Structure formats: structure tokens, C-alpha cells
Amino acid sequence: MVERVMAKLIPASGLEHVDWEVHVIQSEEANAFVIPGGKVFVYSGILPIAKNDDGLAAILGHEISHNLAQHAAENMSRYVLLEPVRWVFIFLDYAGYTGGLGRFIGDILMDLGMMRPASRRQESEADYIGLLMMAKSCYDPNEAVKVWERMEKFQRAAGNSIPQWLSTHPSDSTRIDAMTKWLPSAEEARSESECGVTLGYSKEFQAATGGPDIWSALFR
């Protein structure tokens, strides 16, 4: 399932030149990630949340987008830029201005005020790019919203919900709202892709036959 979805997403990502490797890890943890160099890791615990190929495409599209947007390199650059700020707080400690708490306070301020908000922006960017990527790969972008609705229920059941300002990720409800707003753009991307013609024929067929519900009624 994972390799099947990856095979459709990669052409839309523009990263065909990468030597992709897919690894499925048997674990109850609901997680997936892609590291630079095309190494894809999917924990089996996330598959029930993905539920189907469209849902898994939403998850993998998001992870691939981190590589596409070069977020790892962006994070390294941010650490380099903030390092002099840390040294300022360390100097204030040694100079006696901050009572030895300068580095501690500085780290908290930089983490909550800069690093975590920047991380949440990256996650939102990956959500948006991944949504368009899955749509261009002929997957249903509406399923992305359903994935995060299922993820929200999973996190609540597991007691993992934390305030957004303390997290490196947007809250599930924030992601659901954002993706709902982005759906028209995703639908447009899907209609303009190679699958657009097929989707057009499918809609015409459903309109001519009374929609898909008529078939489920006939075969009950």
C-alpha cells in the first residue's frame, strides 16, 4: 500500500531523481516521516488513521513536502542565526545581570517565541504543498480533512492533546480548518492534472445515471 501510494506521489513531487526507499515499521505509534535522501518510514500504527490510499497520500504528501521545501536545511540555518543570541544571554549570566538564569530564560524565549512558531509554519506549508501534491496525483484531497479528523480523535483518546503554542505542530483543528479552506485550490489542481479528463467522464456518467447512490441502491 505504501509503495503503491509513493509511486503515484513521486512524479507530482518533482523528485523523481531521488533514490527513494520505503520502510514500514511494525509499531502502534501513529507516525510517518521522510528524511533527506528519500528514506521513507511509516509506522503501521498510522495506517488505520490513513484508512485508505487517499488518506495515506495525504500523510505521505505532507512528509515529502518537508523535503521538497528543504525544511531541514532551513532549520539548520535558523539555529546558526540564533546561536549568537544564546551567547548574549550566556554573557549576561557571567556579567551578573540575569542572576544565572539568562541562558535558561533565553532558551525558553527562543524556543516558544521563535523555534516553535517557525516549526508550525513549516508544518502548515507542508500541509498545503502535500495537499496539492496528492491532488495532482489523482487522490481525493477531501480525504486529507478526514485524516486529520481521525487524527484528532486518536490524539484525544490517547491523551496527547497539548496547547498549540507549546507544540511544534498546528493543532489538529487548525489543520482541519486550513485544509478545508484550501480544498478549492486542491480540486482545481486535480482537475488540471492528467486525471482531470477521467474525473470529468466519471462525473458525466454519474450525472447521466442518477449519481453513485443509484448503484448502491440496486445492489443492496
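All of these numbers come straight from a predicted model, not from anything done at the bench. Note that these values count all heavy atoms, side chains included, but never hydrogens, waters or copies made by symmetry.
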Grab the two heavy atoms, one from [X] and one from [Y], that are nearest each other, plus how far apart they are.
{"X": "Ile59", "Y": "Ala32", "answer": "CG2-CB, 4.0 Å"}
{"X": "Ala12", "Y": "Lys136", "answer": "CB-CB, 4.2 Å"}
{"X": "Met134", "Y": "Pro141", "answer": "CE-CA, 3.9 Å"}
{"X": "Leu131", "Y": "Leu183", "answer": "CD2-N, 4.5 Å"}
{"X": "Tyr43", "Y": "Ser27", "answer": "CD2-CB, 3.5 Å"}
{"X": "Thr180", "Y": "Pro184", "answer": "O-CD, 3.9 Å"}

[atom2] on [Y] to [atom1] on [X], rounded to 0.5 Å:
{"X": "Lys8", "Y": "Asp53", "atom1": "NZ", "atom2": "CG", "result": "7.5 Å"}
{"X": "Phe33", "Y": "Ile25", "atom1": "CZ", "atom2": "CD1", "result": "5.5 Å"}
{"X": "Arg120", "Y": "Asp127", "atom1": "CZ", "atom2": "CG", "result": "13.5 Å"}
{"X": "Leu9", "Y": "Leu15", "atom1": "CG", "atom2": "CG", "result": "11.0 Å"}
{"X": "Asp177", "Y": "Asp172", "atom1": "CG", "atom2": "CG", "result": "11.0 Å"}
{"X": "Met179", "Y": "Tyr128", "atom1": "CE", "atom2": "OH", "result": "12.0 Å"}

Heavy-atom donor-acceptor pair, [X] side chain to [Y] backbone, under 3.5 Å:
{"X": "Ser119", "Y": "Met115", "result": "no"}
{"X": "Ser171", "Y": "Gln164", "result": "no"}
{"X": "Asp140", "Y": "Asp54", "result": "no"}
{"X": "Ser137", "Y": "Tyr139", "result": "no"}
{"X": "Ser13", "Y": "Ile10", "result": "yes"}
{"X": "Thr168", "Y": "Arg116", "result": "no"}
{"X": "Arg150", "Y": "Ala50", "result": "yes"}

#### Entry: Glu123 and His62: side chain donor to acceptor below 3.5 Å
yes
### Message
If hydrophobic clusters are built from ILVMFWY residues whose side chains come within less than 4.5 Å, do Ile35 and Val2 share one?
### Response
no
#### Entry: Common cluster, Met1/Met133, ILVMFWY with side-chain heavy-atom separation under 4.5 Å
yes
## Note on the structure
Hits for side-chain hydrogen bond (donor to acceptor under 3.5 Å, both in side chains) against Gln70, two or more places apart or cross-chain, chain-then-number order -> none
### Task
Quick one: sort the Phe41 and His23 rings into parallel, tilted or perpendicular, breaks at 30° and 60°.
parallel
Are [X] and [Y] side-chain neighbours, meaning at least one heavy-atom pair lies under 4.5 Å?
{"X": "His169", "Y": "Arg175", "result": "yes"}
{"X": "His66", "Y": "Val34", "result": "no"}
{"X": "Met6", "Y": "Ile64", "result": "yes"}
{"X": "Ile49", "Y": "Lys153", "result": "no"}
{"X": "Glu149", "Y": "Ile176", "result": "yes"}

#### Entry: Salt bridge flag under 4.0 Å for residues Glu125 and Arg121
no
### Query
How about Glu16: does its CD atom have over 12 heavy atoms from other parts shown lying under 6.0 Å from it?
yes
### Message
Would you say that more than 12 heavy atoms from the other residues, nucleotides or ligands in this model lie under 6.0 Å from the CD of Glu29, or not?
### Response
yes
